[in-house]
Amino acid sequence: MVIEFYGEISDYTLRRADKLKKRHYSAYFFALGGLLGALAAISGAFGGEFITLTVFAALLCGAGFFFVFAPMKKNIKVKVRCRVRIEGNTLTWEQFLPDKTIAKTKKLDRVKRVVKTDFCYFVVFNDIGNAVICERCLLKKGTFAAFEALFPGKMREREM
């Protein structure tokens with residue numbers, strides 16, 4: 001069974017993907033800020049450097065809030081035209097640029113999760129930063145049910 005998504009990804013989906021990435025990275029900033037805040041509290045209790053660690057913890061949490069509340073990009077200047085082809089146990093992602101074509105092949109076993117939204121699927125391998133976007137309206141071969149059956153237990157639905 002072959003499943004293929006092919007075409008130009010819409011500006012709306014690209015902007016939502018950017019927002020999803022920002023929110024994902026904000027969680028890292030909050031975790032680091034909380035860890036540094038705990039270290040500041042322990043350090044302050046034992047007479048160590050309390051102010052410096054607290055300032056850095058506050059800066060990290062501030063960066064996390066910035067990523068959560070940062071506005072979405074108005075428009076994406078670069079058009080992304082790609083093909084995602086799933087055949088057997090491999091996912092092949094190709095991006096068509098004006099002067100060349102970039103292609104990557106990955107095994108489906110390495111997928112950590114698939115984020116399902118109303119408009120697209122984000123196939124996440126390591127983190128959301130290098131997720132493969134499969135826009136639902138670009139499905140050319142296969143069905144959504146067959147696509148979702150490839151990832152049992154890894155589908156996460158998310159409102160955008």
Salt bridge (charged side-chain N to carboxylate O under 4.0 Å, His left out) pairs, two or more places apart, involving residues 104-115:
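Qualifying pairs, neighbours excluded: none.
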
All pairs passing salt bridge (charged side-chain N to carboxylate O under 4.0 Å, His left out) where residues 139-150 contributes a residue, at least two apart
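Non-adjacent pairs meeting salt bridge (charged side-chain N to carboxylate O under 4.0 Å, His left out): Lys116-Glu148.
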
If you link ILVMFWY side chains whenever their heavy atoms are less than 4.5 Å apart, which other residues fall into the same cluster as Tyr6? By chain and number, please.
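Joined to Tyr6, directly or through intermediates: Phe96.
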
Connected hydrophobic set around Phe46, excluding itself, where side chains approach under 4.5 Å
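Ile42, all in the cluster of Phe46.
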
From [X] atom [atom1] to [Y] atom [atom2], the distance as rounded to the nearest 0.5 Å:
X      : Y      : atom1 : atom2 : result
Asp11  : Asp18  : CG    : CG    : 12.0 Å
Cys120 : Ile9   : SG    : CD1   : 8.0 Å
Ile86  : Phe151 : CD1   : CZ    : 4.5 Å
Phe147 : Leu139 : CZ    : CG    : 9.0 Å

Step by step, work out the side chain to side chain contact (heavy atoms under 4.5 Å, CB included) result for Lys19 and Arg23.
CA-CA 6 Å; Lys19 185 70 170 178; Arg23 291 208 174 165; 3.6 Å; yes

Can you name the side chain to side chain donor-acceptor pair (under 3.5 Å) partners of Thr90, sequence neighbours left out?
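Once residues adjacent in sequence are excluded, Thr90 has no partner under the side chain to side chain donor-acceptor pair (under 3.5 Å) criterion.
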
Using side chain to side chain donor-acceptor pair (under 3.5 Å) as the criterion, list what pairs up with Thr13, not counting sequence neighbours.
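Checked Thr13 against side chain to side chain donor-acceptor pair (under 3.5 Å); matches are Ser10, Glu135.
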
What pair of heavy atoms forms the shortest contact from [X] to [Y], and how long is it?
X      : Y      : result
Ile3   : Gly142 : CG1-CA, 4.4 Å
Gly33  : Cys61  : CA-SG, 3.9 Å
Leu108 : Gly88  : CD1-O, 3.7 Å
Ala57  : Gly37  : CB-N, 3.6 Å

According to a 4.5 Å side-chain heavy-atom criterion applied to Ile, Leu, Val, Met, Phe, Trp and Tyr, with indirect links allowed, do [X] and [Y] form part of one hydrophobic cluster?
X     : Y      : answer
Tyr25 : Val68  : no
Leu35 : Leu60  : no
Leu59 : Leu32  : yes
Val2  : Val111 : no
Phe69 : Leu20  : no

Set out, in order, the CA-CA distance, both residues' side-chain angles and the distance that settles side chain to side chain contact (heavy atoms under 4.5 Å, CB included) for Phe122 and Val132, then state yes or no.
CA-CA 6 Å; Phe122 295 100; Val132 174; over 6 Å; no

Qualifying residues under ring pair (Phe, Tyr, Trp, His ring centres under 6.0 Å), relative to [X], sequence neighbours excluded:
X     : value
Phe30 : Phe65
Tyr28 : His24
Phe50 : none
Phe29 : Phe67

Non-neighbouring partners of Leu97 that pass side chain to side chain contact (heavy atoms under 4.5 Å, CB included), sequence neighbours left out
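For Leu97, the residues satisfying side chain to side chain contact (heavy atoms under 4.5 Å, CB included) (neighbours in sequence not counted) are Gln95, Asp99, Lys100, Ile102.
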
Kindly write out the residues that satisfy side chain to side chain contact (heavy atoms under 4.5 Å, CB included) with Ala103, not counting sequence neighbours, or none if the list is empty.
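Counting only residues at least two positions away or on another chain, Ala103 forms a side chain to side chain contact (heavy atoms under 4.5 Å, CB included) with Glu94.
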
Step-by-step side chain to side chain contact (heavy atoms under 4.5 Å, CB included) determination, Phe5 to Ile133:
CA-CA 9 Å; Phe5 296 87; Ile133 300 172; over 6 Å; no

Less than 4.0 angstrom from a charged side-chain N to a carboxylate O is my criterion; do Glu4 and Arg85 meet it?
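Counted as a salt bridge, because a side-chain N and a carboxylate O are separated by less than 4.0 Å.
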
